[in-house]
Amino acid sequence: MTKLLELKSVYAGYDNKIVLRDVDLIVKKNDFIGIIGPNGGGKTTLLKVILGLIKPIEGSIKFNNIDDNLIGYLPQINTIDRKFPISVREVILSGLMSHKKLFGRYQSEDKRKAKELMEQMGILHLKNKNIGELSGGQLQRVFLCRAIISNPQILILDEPDTYVDSHFEMELYGVLDKLNEHMAIILVSHDIGTISSHVKTIACVNGSLCYHDSNIINQEQLKTYNCPIDLITHGDVPHRVLKKH
Amino acid sequence: MNEIIDILSYNFFQNAIGAAILASISCGIIGTYIVARRIVFISGGITHASFGGIGIAWFLGLNPILGAAIFGVFSALGIEWVSKKTDVRQDSVIGILWALGMALGIIFIYMTPGYAPNLMSFLFGSILTVSSLDLYLLSALSVLTISVFALMMRPIVYVAFDETYAQTHKAPVQFLNYLMIALVALAIVLNIKVVGIILVISFLTIPQTIANMFTQDFGKMIIGAITFGIIGSLLGLFMAYKLNVPSGATIIFSFVILFIIAKIVQLSLLKLSRKVDE
């Protein structure tokens with residue numbers, strides 16, 4: 001399978017503090033990787049390295065036969081200024097930024113693409129609304145449109161399941177499953193239970209990274225991965241058991 | 001009515017009207033950016049820092065506006081650099097620069113031998129005494145801001161809205177940030193003549209806030225801010241002439257009156273639309 005992205009013994013952090021140690025990760029076509037780990041364990045730092053927002057202190061990051069501009073990114077929604085005077089349509093069009101020169105105009109082709117996506121996500125009626133008028137779920141849909149309008153080969157989502165109701169959460173994973181047919185997805189979540197029923201593989205990030213080549217994980221494995229988080233199990237009848245540890 | 005026609009024939013009054021309109025254009029555009037990006041405090045810092053430039057230029061016998069422009073732009077670039085490259089708290093730096101500029105200005109103006117300039121006109125503006133040079137500078141500023149926004153409004157807005165995201169798209173974030181903060185400084189400095197140091201920040205925020213009541217669109221907010229800017233500053237200009245008080249104060253006073261009227265209109269529109277819904 002085609003390798004899209006390869007991280008080799010990457011060390012990364014801020015100033016003098018190293019957050020990530022010796023991280024290896026390979027992202028292949030059609031991968032759906034769930035990234036879990038405790039707060040402060042380096043999940044966000046890992047995303048920043050992949051997105052090119054920070055340079056690794058050591059190690060290499062290599063993009064294979066993709067233009068590294070072509071990563072779709074859905075940030076945590078609480079980082080967004082919801083009072084900013086910008087409409088839904090404009091937010092989505094901003095996902096084409098890397099395709100445009102500084103003085104570049106947006107063509108009717110771009111606007112048609114945005115309209116198509118909004119239709120698919122059922123938010124076309126909101127296109128001229130200000131983002132401040134939207135609910136959490138609607139906003140997530142807008143940012144998902146922004147992330148995929150450039151048709152990226154890798155889609156990165158940072159905790160897309162916060163601030164949304166469970167109905168939208170289900171819908172979101174439905175959409176992601178479909179997107180996964182033609183793009184690799186990396187999803188950071190604090191809710192391992194929900195993600196493990198959708199992702200194909202799991203990576204635990206707590207300083208270092210442990211890659212788990214399946215979506216079934218148990219408490220023992222988490223322990224050996226040095227990944228102290230609550231595990232929520234899913235059986236035939238969905239039920240949640242929080243083990244003590 | 002005759003009185004209005006009379007004063008309109010004076011050259012100084014025509015200049016003042018020109019200055020009011022040009023100030024509304026540059027402040028309308030740049031102010032929308034300031035309000036949207038929430039950099040009102042930074043802008044206040046740049047404004048007061050530029051007073052240091054006025055003092056130094058006065059001491060050296062140069063054009064005070066030139067001094068203010070150089071000092072203002074460098075303070076602005078400095079604030080941007082400090083906040084991005086170091087982990088010093090940005091608002092503390094602004095606070096220091098704010099006071100330092102005022103202190104330097106006063107020291108140099110008092111050290112200058114001979115006639116001490118009228119500090120009031122720098123602090124509160126004197127639109128009735130704008131020169132042709134001031135008008136040329138204000139025109140150049142308007143042309144510059146209009147061109148920058150005509151060419152790059154989308155990247156400017158997108159970077160202002162979500163800088164991190166723009167970075168992931170390899171947008172020229174740094175270039176745009178420095179360009180915009182320099183433009184903010186220029187807009188502030190060149191409009192000091194019109195409304196003065198203490199009040200220029202309101203010219204950059206009140207018309208925008210009024211426009212923001214009726215539109216959430218960046219482009220429409222600019223148009224609205226320019227319109228309200230022109231109405232308010234012309235009203236203030238006549239008031240300044242009638243009452244013989246500094247123009248800055250009357251212009252800002254008109255803005256606040258406009259703001260209150262707009263708020264009432266907005267609330268009644270809201271009530272009306274609720275009634276229609278019922």
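Because only heavy atoms are used, hydrogens play no part in the values below, and waters and symmetry mates are left out as well, while side chains stay in. Order of the sequence lines sets the chain letters (A, B, ...), proteins ahead of strands, with each chain counted from 1.
Comparing Met152(B), Met221(B), Lys220(B), Met153(B) by how many heavy-atom pairs each has under 4.5 Å with chain A, the most go to Met152(B). Among Glu90(A), Arg105(A), Glu133(A), the residue with the largest count of heavy-atom pairs under 4.5 Å with chain B is Glu90(A).
The structure places OG1 of Thr79(A) at 12.5 Å from OH of Tyr165(B), a figure rounded to the nearest 0.5 Å. The distance from atom NE2 of His169(B) to atom CG of Leu96(A), rounded to the nearest 0.5 Å, is 8.0 Å. Rounding to the nearest 0.5 Å places CD1 of Ile86(A) at 6.0 Å from OH of Tyr158(B). Within the model, atoms NZ of Lys129(A) and CD of Gln216(B) stand 10.0 Å from one another, a figure rounded to the nearest 0.5 Å.
Other residues, nucleotides and ligands contribute only 12 or fewer heavy atoms inside 6.0 Å of the NZ atom of Lys115(A). Other residues, nucleotides and ligands place no more than 12 heavy atoms under 6.0 Å from the CZ atom of Arg89(B). Open room surrounds CZ on Phe253(B); 12 or fewer heavy atoms of other groups in view lie less than 6.0 Å from it. Residue-environment remark: CZ (Phe214(B)) exceeds the threshold of 12 foreign heavy atoms within 6.0 Å. Other residues, nucleotides and ligands place more than 12 heavy atoms under 6.0 Å from the CZ atom of Phe41(B). More than 12 heavy atoms of other residues, nucleotides or ligands shown are found within 6.0 angstrom of CD on Glu116(A). Lys84(B) NZ: more than 12 foreign heavy atoms inside a 6.0 Å radius.
Looking at Ala36(B), both its backbone and its side chain come within 4.5 Å of chain A, counting heavy atoms on both sides. Of the two parts of Ile156(B), neither the backbone nor the side chain holds a non-hydrogen atom closer than 4.5 Å to a non-hydrogen atom of chain A. In this structure, the portions of Ala166(B) lying under 4.5 Å from any heavy atom of chain A include both its backbone and its side chain. Contact of Leu93(A) with chain B is made through backbone and side chain together, with heavy-atom distances under 4.5 Å. Residue Phe143(A) touches chain B through its side chain alone, counting heavy-atom pairs closer than 4.5 Å. Interface residue Leu53(A): only side-chain heavy atoms are found under 4.5 Å from chain B. Proximity to chain A (any heavy atom under 4.5 Å) is shown, for Thr164(B), by both the backbone and the side chain.
The two residues Phe161(B) and Asp81(A) have their closest heavy-atom pair at CE1-O, 3.8 Å.
Between Ile71(A) and Thr168(B) there is no side-chain heavy-atom pair separated by less than 4.5 Å.
A salt bridge links Asp162(B) to Arg146(A): at least one charged side-chain nitrogen sits closer than 4.0 Å to a carboxylate oxygen.
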Evaluate side-chain contact (heavy atoms from CB on, under 4.5 Å) for Arg154(B) paired with Met97(A), printing each intermediate quantity in order.
-> CA-CA 9 Å; Arg154(B) 276 212 164 94; Met97(A) 231 184 307; over 6 Å; no
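Phe84(A) and Phe218(B) have parallel rings, their planes meeting at less than 30° on a 0 to 90° scale where 60° marks the start of perpendicular.
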